[in-house]
Undergrad: 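Take a look at the following structure, please.
A quick note: this is a predicted structure, and the numbers were derived from the prediction, not measured.
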Amino acid sequence: MDSIRKSLRNKIFLPLLGIALVLVLVDTFGGTYLPETFQPYRSAGLLAVFFALVFTAFAINLFRPLELVFREMRALLTGRPYKKIFTSRIDEVGILAHFFNDVTKNIERMAGDIAEGKRMSQELTVGSDIQRRILPKAMPDIPGLRLYGSMRPASEVGGDSFDIVTTASGNDYIYIGDVTGHGLPAALIMIMVNTLVRTLSEIHASGYDIIVNTNRILKSRIEPRRFMTCVLLRWNRQEQKLLYTGAGHEHILIFHKREGVCEVRQTGGIALGMVPDITKIVKEESIPLETGDMVVLYSDGIIEAKNMNGEMFGVTRLKEAVERYGSVSTPEELFTNISRDFGAFVGNQIQEDDITLIALKRQ
Amino acid sequence: MAELSITPLPSEQNKDVTVIAFNGEFDHFTFPAVEERVETLLNAFRGKYMIFDFTKLRFINSEGIGFLVSVSVKLKKHGAELLLCSFQANVADVIQLVGLPKMVKVFDTLEQAVSSLSPS
């Protein structure tokens, strides 16, 4: 039975053969019963009946099923809506129908992937636009300080940001921050914090107040699992003093030119967005600086970067690089030198995280 | 490929305490599966103290830290508490740096964590 179902040729040929035999038998044994007037038309009549049955056989088994298939194919080819072809046939038409369904399923899946890819790359573009917009366009002139900073984003938008805020109140602020996660949600939190710091710096006169209030306002607007590590430096122009308020960020490096030694200081505090009230957890502390001393802020992208042996760059290497170049470099030169050492270390390994470095030198 | 398995160990001495041991690495790839498993455990949790034992946890990233914060918040809402104990060096570093101990109680060993709890 299956061999008939599987083949159009059998489906059409065998029944037609049967019908032909029946007609011959009918004619042979029943032909004499036909009235005299119709006898001359007997052969023509048989042939006509036979052709009608042939045509019907073809129409049922071939023309109509093919028409159904080709209708959907035409729709697909001309870009109109098409439907899946439902059939239980296992003959050639069935194969055609199943093939069509398979091909369209794959096309739909690929189109979905492309659309998803487009949506994601749009999200990444918006995210990286936001990230770039936050970064300072140029290093401002701050009497007593010379600074240089830069951020190199990873392939996917990460969470690094930094900014330099000069105010009319005699304080200049420099912060570096790192939001959990990637992409658009991280970029939105970055922009929130950036705006908050800028606005609050016009109202408050200390890093402590800015950090405490930024945290309070941010916490109410983000989900529990997101947070931003940050360290905020304050340069008091009048007293020519540098202070810092830590919010769960990486250590900062303080290069003392006289001794030629680089101190690695943990900035303490707790990351922004974890608890609503950090008044008792953070504090602003000062960094005594002599002329020629440097402070380096960095994000964990640098120290967690791996070379092809799987070794991390690490704080120690960074500290040693600062000690090597600290005495003789401007912040921009220090940045270039460290970048070169870093590049030599990681080689061609793709970096998965943003890399940010800010250096400032007491003039 | 990094993996992370978690094993809940209800405490025989104290019905209010459940200890969950983490084994492996808590990173971007293992995160979804772990999140789902812990959520299931949280939803079924009726005790007062949940202790995460990190003796065998080799790595945690900021997403993982964020998740610990959200677990702590969720438990607090139901009058329960999250405690963390027993950290490998690099995990301890990350947790310290971000300031997590200022929000969630941390202990060096499981014994210290358990003995800090008020008797039921």
Undergrad: Is it the case that over 12 heavy atoms from other parts of the model lie below 6.0 angstrom from the CG atom of A:Asn348?
TA: no
Undergrad: As an exercise: rank A:Ala271, A:Gly269, A:Gly246 by heavy-atom pairs under 4.5 Å with chain B and give me the winner.
TA: A:Gly269
Undergrad: Tell me, side chain or backbone of A:Thr180 under 4.5 Å from chain B's heavy atoms, or both, or neither?
TA: both
Undergrad: Can you tell which of B:Met103, B:Glu63, B:Gln96, B:Lys102 has the highest number of heavy-atom pairs within less than 4.5 Å of chain A?
TA: B:Lys102
Undergrad: Tell me, side chain or backbone of A:Glu304 under 4.5 Å from chain B's heavy atoms, or both, or neither?
TA: neither
Undergrad: Among B:Lys105, B:Lys76, B:Lys48, find the one that has a salt bridge (charged side-chain N to carboxylate O under 4.0 Å, His left out) with B:Glu81.
TA: B:Lys105
Undergrad: Quick check on the interface: out of A:Met274, A:His251, A:His249, who has the most heavy-atom pairs with chain B under 4.5 Å?
TA: A:Met274
Undergrad: Measure the acute angle between the ring planes of B:Phe52 and B:Phe22, then classify it against the limits of 30° and 60° as parallel, tilted or perpendicular.
TA: tilted
Undergrad: Is there a donor-acceptor pair under 3.5 Å between the side chain of A:Asn215 and the backbone N or O of A:Pro276?
TA: yes
Undergrad: So which of B:Asn61, B:Leu68, B:Val69 has the biggest tally of heavy-atom pairs under 4.5 Å with chain A?
TA: B:Val69
Undergrad: Run through A:Thr199, A:Thr214, A:Asp163 and flag the one making a side chain to side chain donor-acceptor pair (under 3.5 Å) with A:Asn194.
TA: A:Asp163
Undergrad: Report the option among B:Asp93, B:Val71, B:Ile65, B:Leu100 that has the most heavy-atom pairs separated by less than 4.5 Å from atoms of chain A.
TA: B:Ile65
Undergrad: Under 3.5 Å, is there a donor-acceptor pair between the side chain of A:Arg119 and the main chain of A:Ala115?
TA: no
